[in-house]
Enquirer: 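Quick one: structure below, then a few questions.
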Amino acid sequence: MIRSLRVTRPRYWWVIAAVGITTVLIATLTPLQQARAAGGGAGGYPVATYNGLSQAQRANLLSMASDTWKFYNADIDPATNLPMDNLTLAGGSATPTTYGRYTSAADIGVYLWAVVSARDLGLVSEQQAQARIQATLTEVSHLQRYDGFLYQWYDTTNGDVLSNPGQADCPAGAAPAFNNCFFVSNVDNGWYASGLIVVREAMPELAGLANSLIAPMNFGIFYDDRAETQCNTNPAIPGNQPTGQMFGGYYVGLPPYSGNNYTEYYHNGALYSDPRISAYIGMGLRQMPGNVWWRSWRELPPKAPFADCQATDPDFSWQGQWPMGGNWQTYTDPQSGQKFEVWEGHYTYPGTNLTFIPTYGGGMFEAMMPNIVVPETSWGTRSFGLADTRTVQVQIKYATQQLGYKVWGMSPSSTADDTGDYNAYGVEGLAFPYYGVGADASHPNERLAQCQNPACDAENVVTPYASFIALDTAPQQAYANIEALRSDYQGLYGPVGFFDAVDPVTGAVGQRDLELDQSMIMASLDNALNNRAIQRDFARDPVAWAAHTYLSMETMSIAG
């Protein structure tokens, strides 16, 4: 999970860590911007044309983008030019009442998306956008980093590494320890790198600066390259590890293969979650092999279909749906020629034939945030692009039909109050039967997420950003939901666009805006109004070969 505040990481590797007016606008853009908006640009892989909205809808969304962009006028700490994690405008205030004066690699990366998007949408000039990004990246170049990677948290008032939000800056010269002073996150640095990639393609004048920050980063440190077996795990390695997958992060000075350090590490085992951005980039930079794609799990799998795996592979019968439909499928890696057995399973929405790929907590950003940058809906029409579409269908069906809500879009967000709390909301299917470990065909688990009782979170908060990231896959339904959120819930739309959270029953609003969530809105609007501009930036970059190759060659069981 991006927003985890844990000081240490789980001890168990199977914990899954847990997004008319347009014509006038385009006429004001530079030739490069016009080419991007029209789908032009030299090189790269093709991205499907987006035309899912009417002119009136586009004009309304552009107005929302203009309001959302106002968030960034207050969010950038003048002391360092770093984006702050969040702002609160409690009690109907027109200006922030509380500032989250800390930031992360993910916050910085998605802020870069937001500035490029504002430039594309005509909300700032080319020169203003360049100045903003240059100021932030110059500061980043002076931050304490590990081989180019950013640590978990930074104090935006001085740029120092921060132990945790609300706690002290990390002491200089301290011995390595399993805490955030020494932790570099795999997924957060994936989002940071994605921002640098977007910048170097969208703003060639800043490519040198972006490249200098990417150059020292080697995503190989997050890859478990120890010996693999034909089973889901390797019992010969202490902890029965799922080798070939990515670690959730890296503790500087405390590598995972030394002594008992592995007990402080976990694997990002679920590929249908936000850490796959790091797989796209790590493979694209040729710092990870294709193994990471095939060895990671689409769903938590049954025991591998070999006799020697039955006693050692983990028992995932506790997960949301068990037994699940699907099959083992053999793929040949296009780089190494090695063959892999991959469990292509799926969940099925109870009482229907709607099949889908679950995330751990049923949230939308875990499933769909990568599609903001990587053109999954264009390249993965039988794999993750299709899974993104099915995720939206499940969200709509469950929230509106099963829970009776007027709106949908449950995903990790602020709580629907002004406490400043955060929760991993999602469509977990708590209304459906769950029998726990050992469920069988006569008493199947029928939940909609992988989480295990009582670890599943509540289903009583909707977050607006979820609708914006759904514009790519379900434009009309997403637009209608955005309009319903704005019209039906008083106070949810504020001075800087939507607030982060609403209780769909009581109408209570969390008057807080998160850098991450506002930036997902900005980039999603750029994609929707400028023909997938952010996706096209990524598609032109040299790293895109891996995402295009692997998304295109896989056929998941949900494809029929």
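Only a predicted model underlies this, so the values are computations on that prediction, with no experimental measurement involved.
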Enquirer: To the nearest 0.5 Å, tell me how far Trp153 CH2 sits from Asp107 CG.
Expert: 6.5 Å

Enquirer: List the steps, then state whether side chain to side chain donor-acceptor pair (under 3.5 Å) holds for Tyr72 with Ser519.
Expert: CA-CA 9 Å; Tyr72 299 90; Ser519 295; 2.8 Å; yes

Enquirer: Taking only residues two or more places apart in sequence, or in another chain, which ones meet Tyr550 in a ring-ring contact (aromatic ring centres under 6.0 Å, His included)?
Expert: Trp293, Trp294

Enquirer: Output yes when a side-chain donor or acceptor of Ser93 lies under 3.5 Å from a complementary backbone atom of Thr95, and no otherwise.
Expert: yes

Enquirer: Would you check if the side chain of Asn527 reaches a backbone N or O of Ile534 as a donor-acceptor pair within less than 3.5 Å?
Expert: yes

Enquirer: Just to verify, what does Arg447 make a side-chain contact (heavy atoms from CB on, under 4.5 Å) with, not counting sequence neighbours?
Expert: Leu430, Tyr434, Asn453

Enquirer: Is the closest side-chain donor-acceptor distance between Tyr360 and Ser273 under 3.5 Å?
Expert: no

Enquirer: Would the distance check show the side chain of Thr463 and the main-chain N or O of Asp500 forming a donor-acceptor pair, the cut-off being under 3.5 Å?
Expert: yes

Enquirer: Between Gln511 and Asp417, do the side chains contain an N or O donor and an N or O acceptor separated by less than 3.5 Å?
Expert: no

Enquirer: Aromatic contact between Tyr272 and Phe356, with the criterion being ring centroids under 6.0 Å apart: yes or no?
Expert: no

Enquirer: Is it the case that the side chains of Asp421 and Thr415 hold a donor-acceptor pair, with the cut-off being a distance below 3.5 Å and no angle test?
Expert: no

Enquirer: Under 3.5 Å, side chain of Arg119 to main-chain N/O of Val124, donor-acceptor pair present?
Expert: no

Enquirer: Show every disulfide (SG to SG under 2.5 Å) that has at least one partner inside residues 453-499, sequence neighbours left out.
Expert: Cys451-Cys456

Enquirer: Please check this pair: side chain of Arg390 against backbone of Ile558, looking for a donor-acceptor N/O pair closer than 3.5 Å.
Expert: yes

Enquirer: Would you please indicate yes or no on a ring centroid separation below 6.0 angstrom for Tyr154 and Tyr102?
Expert: no

Enquirer: Between Asp120 and Arg532, does any NZ, NE, NH1 or NH2 come within less than 4.0 Å of an OD or OE carboxylate oxygen?
Expert: no

Enquirer: Give a yes or no on whether the backbone of Met410 and the side-chain of Gln395 come within a donor-acceptor separation of less than 3.5 Å.
Expert: yes

Enquirer: Hey, are Ser117 and Trp69 close enough side-chain-wise for a donor-acceptor pair under 3.5 Å?
Expert: no

Enquirer: Salt bridge between Arg200 and Asp541, side-chain N to carboxylate O under 4.0 Å?
Expert: yes

Enquirer: Could you tell me whether the side chains of Asp472 and Asn371 share a donor-acceptor contact shorter than 3.5 Å?
Expert: yes

Enquirer: Can you check whether Leu300's main-chain N or O pairs, donor with acceptor, with Gln319's side chain at less than 3.5 Å?
Expert: yes

Enquirer: As an exercise, state the distance from OG of Ser383 to CG of Leu551, rounded to the nearest 0.5 Å.
Expert: 4.5 Å

Enquirer: Between Thr157 and Arg101, do the side chains contain a donor N or O and an acceptor N or O under 3.5 Å apart?
Expert: no

Enquirer: Please answer whether the main-chain N or O of Met522 pairs with a side-chain N or O of Thr68 as donor and acceptor at a distance below 3.5 Å.
Expert: no

Enquirer: How far apart are the closest heavy atoms of Ala470 and Met368, and which atoms are they?
Expert: CA-CE, 4.1 Å

Enquirer: Does any donor atom in the side chain of Tyr349 or Gln321 lie under 3.5 Å from an acceptor atom in the other side chain?
Expert: no

Enquirer: To the nearest 0.5 Å, what is the distance between CD on Gln402 and CZ on Phe432?
Expert: 4.0 Å

Enquirer: Considering only heavy atoms from C-beta outward, does the side chain of Pro370 approach that of Asp388 to under 4.5 Å?
Expert: no

Enquirer: Please find out if less than 6.0 Å separates the ring center of Tyr405 from that of Trp408.
Expert: no

Enquirer: Could you check Tyr398 against Glu459 for side chain to side chain donor-acceptor pair (under 3.5 Å), going step by step and ending with a plain yes or no?
Expert: CA-CA 10 Å; Tyr398 184 74; Glu459 299 176 328; 2.8 Å; yes

Enquirer: What's the spacing between Glu299 CD and Met324 CE if we round to 0.5 Å?
Expert: 5.5 Å

Enquirer: So with a 6.0 Å cut-off around CG of Asn73, is the heavy-atom count from everything else above 12?
Expert: yes

Enquirer: Take Thr549 and Trp379 through the test side chain to side chain donor-acceptor pair (under 3.5 Å) and record every step on the way to the result.
Expert: CA-CA 8 Å; Thr549 299; Trp379 301 344; over 6 Å; no

Enquirer: What are the two closest heavy atoms between Ala399 and Val407, and how far apart are they?
Expert: CB-O, 3.8 Å

Enquirer: Can you name the closest pair of heavy atoms from Gln450 and Arg298 and give their distance?
Expert: NE2-O, 4.1 Å

Enquirer: Please determine whether side-chain contact (heavy atoms from CB on, under 4.5 Å) holds for the pair Asp503 and Val462, giving the CA-CA distance in whole Å, both sets of side-chain angles, and the decisive distance to 0.1 Å.
Expert: CA-CA 6 Å; Asp503 183 319; Val462 165; over 6 Å; no

Enquirer: Restricting to side-chain contact (heavy atoms from CB on, under 4.5 Å), what partner residues turn up for Pro83, sequence neighbours left out?
Expert: Asp75, Ile76, Thr103, Ile108, Tyr111, Thr136, Glu515

Enquirer: How far apart are the C-alpha atoms of Asn51 and Thr49, what are their side-chain angles, what is the distance that settles it, and do they pass the side chain to side chain donor-acceptor pair (under 3.5 Å) test?
Expert: CA-CA 7 Å; Asn51 54 10; Thr49 299; over 6 Å; no

Enquirer: List the residues meeting side chain to side chain donor-acceptor pair (under 3.5 Å) with Glu344, not counting sequence neighbours, and say none if there are none.
Expert: Tyr331

Enquirer: Distance-only criterion, 3.5 Å: show the donor-acceptor pairs between side-chain atoms of residues 488-499 and protein atoms not counting sequence neighbours.
Expert:
from, atom 1, to, atom 2, distance (Å)
Tyr489, OH, Pro504, O, 3.1
Tyr493, OH, Asp67, OD2, 2.7

Enquirer: Can any side-chain N or O of Asp537 pair as donor or acceptor with the backbone N or O of Glu201 at less than 3.5 Å?
Expert: no

Enquirer: Between the main-chain N or O of Ser104 and the side-chain N or O of Asp188, is there a donor-acceptor pair closer than 3.5 Å?
Expert: no

